[in-house]
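Quick caveat: nothing in here was measured; it's all calculated off a predicted structure. Counting begins at 1 with the first residue of the sequence.
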Amino acid sequence: MVQKNVQFVNRQKGAGTRFLFDSMLSKNGITPAEINGYLNEEWNHLSTASYISRGMADVAFGIQSAASHLGLDFIPVAKEQFDLVFRFTNENKQKLTDLIHYLQSSGFKSSLTDLEGYDIQDLGTIIYQTSKLEETRC
């Protein structure tokens, strides 16, 4: 049952959060027209949370770290995994090798420990690689 007296703030079209929310609406037979504020769009998680903290909306579909940063309540709905996808070429080989090393570093991982809602256990793990990447092992 959709609550018409609850004001929602949405993410912009194309955002992963928006895609996930739209998929969940569709799966549950709810149309966007049933969501009060569905057309109110913000461009990042922190601005969406800020919209709520300023009393301009009651609820949004967002991430825990943004909610926690602004002292908002948070109810987990889904877990998402994000992967870095790239084309490894001779031109970008050194920059991407450096990036992979950085993602795998303890310094980078420790910089994320204060952000709530993130699981960094597999951060920097290479899950698929072509022969080009294998030739230039990090």
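- Using a 4.5 Å cut-off on side-chain heavy atoms (C-beta onward), T48 and F61 make no contact.
- When ring centroids are compared, F21 and F8 come within the 6.0 Å threshold.
- N36 and Q7 share a donor-acceptor pair across their side chains, judged by distance under 3.5 Å alone.
- D122 places no side-chain N or O within donor-acceptor distance of the main-chain N or O of T125, the cut-off being under 3.5 Å.
- Atom CZ of F19 is surrounded by 12 or fewer heavy atoms from other residues, nucleotides or ligands within 6.0 Å.
- In this structure, L46 shares a hydrophobic cluster with V9, Y51, I52, M56, L70, L72, the cluster being traced through Ile, Leu, Val, Met, Phe, Trp and Tyr side chains under 4.5 angstrom apart.
- Using a 4.5 Å heavy-atom cutoff, the side chains of L112 and L123 are in contact.
- With sequence neighbours left out, D83 forms a side chain to side chain donor-acceptor pair (under 3.5 Å) with Q81.
- Side-chain contact, S68 with E116: a donor N or O sits under 3.5 Å from an acceptor N or O.
- Checked against side chain to side chain donor-acceptor pair (under 3.5 Å), S111 has no partners two or more places apart in sequence or in another chain.
- Counting heavy atoms from C-beta outward, T89 and L96 have side chains that stay 4.5 Å or more apart.
- In this structure, a donor-acceptor pair under 3.5 Å is absent between the side chains of T97 and Q94.
- Looking at R11, its side chain does come within 3.5 Å of a backbone N or O of W43 through a donor-acceptor pair.
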